[in-house]
Amino acid sequence: MEVGFLGLGIMGKAMATNLLRHGFKVTVWNRTLSKCEELVQFGASIGQSPATVVKKCKYTIAMLSDPSAALSVVFDKDGVLDHINGKGYIDMSTVDADTSSKISEAIKAKGGDFLEAPVSGSKKPAEDGQLVVLAAGDKALYDEALPAFDILGKKSFFLGEVGNGAKMKLVVNMVMGSMMNAFSEGLTLAERSGLNPATLLDVLDLGAISNGMFKLKGPTMLQNSYSPAFPLKHQQKDMRLALALGDENAVSMPIAAAANEAFKKARSMGLGDLDFSAVHETYKAPDHSS
């Protein structure tokens, strides 16, 4: 079966490559078409526009950077809507529920099926096929896409109506962003008070708050190495969208709000394209002035 794939950034490239390696026929499109060439060696075909990809494939997956990119691929000239009648569209980008609903309504109005399916996980889980898929929308399309989801992820959830996948992803990333700030504060506090932060990593790993993120990111943070698995500017976007969801539901989120401010500060320091763990640098900043 031929599957379409739109968006070959850090995540999309890893995901499309996995599908190709597992025997899927995949037609890819990316705004910068040169990124598509890299996947031709694995057997990918190249589509010249989102419309041509959708026309050719039974269903098309999108993995885009933010709400504006997700909307433009659908609504712009030569976009998804041109040939969506009778086809499926699966948006795996992290966007807010409103964006997902807009896309869903437009696709249904044109006779297509829609599933939002944002994923929990960054570059390494994407490469290893260990993402967690948070899907919502058309159940029949979900069932049809499960073989692909089983390659891309270790578990898939069907969460009901469109919007629920987006909300679940924002809640997960909000918790992750808040934890990353607490972790950065802890590493800095350990170091400033004369402790070895590497020992802190060992102690944390043996206790009740041991987790994959601390294990993965801690050692690289101690080396000031922030190669982007999940770019900080995208984490800040997710914090902002999660805080807006908090506003809508009158949920007080002081910890998430403080974390968002730290990510904004990091962006103002020019760290937006580095990994989200680079927020650590905002806590070390006072050192730079001495």
Side-chain angles (χ1 to χ4, degrees), residues 1-8 11-12 14-20 22-29 44-45 47 49-64 67 69-76 78-121 126 129 131-170 172:
M1 185 171 58
E2 186 100 15
V3 173
F5 207 103
L6 312 178
L8 300 174
M11 298 291 287
M15 293 160 73
T17 303
N18 262 347
L19 291 174
L20 288 160
H22 285 84
F24 274 74
K25 288 177 70 179
V26 185
T27 297
V28 297
W29 172 88
S45 311
S49 69
T52 47
V53 174
V54 168
K55 185 176 186 180
K56 188 178 174 192
C57 303
K58 185 99 188 334
Y59 65 82
T60 297
I61 293 169
M63 189 57 162
L64 304 155
L71 290 166
S72 79
V73 160
V74 174
F75 290 97
D76 285 1
D78 298 325
V80 168
L81 290 181
D82 289 7
H83 294 293
I84 198 64
N85 187 20
K87 309 277 189 162
Y89 186 63
I90 301 170
D91 194 350
M92 301 186 81
S93 323
T94 298
V95 298
D96 55 293
D98 280 354
T99 299
S100 240
S101 297
K102 264 184 210 148
I103 292 171
S104 173
E105 283 160 23
I107 282 172
K108 283 185 187 153
K110 290 271 188 174
D113 295 319
F114 178 74
L115 193 71
E116 60 170 1
V119 295
S120 182
L131 298 165
V132 179
V133 179
L134 307 171
D138 190 284
K139 181 67 164 67
L141 180 54
Y142 173 79
D143 293 337
E144 188 182 353
L146 260 181
F149 290 165
D150 287 346
I151 288 164
L152 298 173
K154 57 184 171 182
K155 184 153 176 69
S156 299
F157 291 87
F158 183 75
L159 302 168
E161 65 185 42
V162 168
N164 287 350
K167 290 173 190 172
M168 182 68 85
K169 176 68 199 284
L170 290 177
V172 169

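For this chain, numbers begin at 1 and follow the sequence in order. What's counted below: heavy atoms across the whole structure, side chains too, no hydrogens, waters or symmetry copies.
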Let me confirm one number: the [atom1]-[atom2] distance from [X] to [Y], rounded to the nearest 0.5 Å.
X	Y	atom1	atom2	value
His22	Leu152	NE2	CG	9.5 Å
Leu131	Ile151	CG	CD1	12.5 Å
Ile107	Ile84	CD1	CD1	5.0 Å
Asp82	Phe75	CG	CZ	12.0 Å
Asn18	Phe24	CG	CZ	11.0 Å
Lys155	Leu134	NZ	CG	11.0 Å

To check you understand the geometry: which heavy-atom pair defines the closest contact between [X] and [Y], and what is its length?
X	Y	value
Ser156	Phe149	OG-CB, 3.4 Å
Ala136	Gly165	CB-N, 3.7 Å
Ser45	Glu2	OG-OE2, 4.3 Å
Leu8	Ala16	CD2-CB, 4.0 Å
Tyr59	Ala148	OH-CB, 3.4 Å
Ala70	Val95	CB-CG1, 3.9 Å

Less than 4.5 Å apart, any side-chain heavy atom of [X] and any of [Y]?
X	Y	value
Leu141	Tyr89	no
Thr60	Leu6	yes
Met11	Met92	no
Lys167	Leu159	no
Phe158	Leu115	yes
Leu64	Val73	yes

So, Asp98 and Lys102, do they make that salt bridge, N to O below 4.0 Å? no

Of all pairs that satisfy side-chain hydrogen bond (donor to acceptor under 3.5 Å, both in side chains), the ones with a partner from residues 108-118, not counting sequence neighbours: Ser100-Glu116

Residues two or more places apart in sequence or in another chain: which of them pass side-chain hydrogen bond (donor to acceptor under 3.5 Å, both in side chains) with Ser104? none

Applying salt bridge (charged side-chain N to carboxylate O under 4.0 Å, His left out), name anything that partners Glu161, two or more places apart in sequence or on another chain. none

For Lys139, is the NZ atom crowded, meaning more than 12 foreign heavy atoms sit under 6.0 Å from it? yes

Please check if the number of heavy atoms outside Lys56 that lie under 6.0 Å from its NZ is greater than 12. yes

Among Ile90, Thr17, Val53, Leu19, the one residue meeting side-chain contact (heavy atoms from CB on, under 4.5 Å) with Phe5: Leu19

Can you confirm whether the side chains of Thr99 and Asp96 place a donor and an acceptor under 3.5 Å from each other? yes

Is Lys58 reaching over with its side chain to a backbone N or O of Gly88, donor-acceptor style, under 3.5 angstrom? no

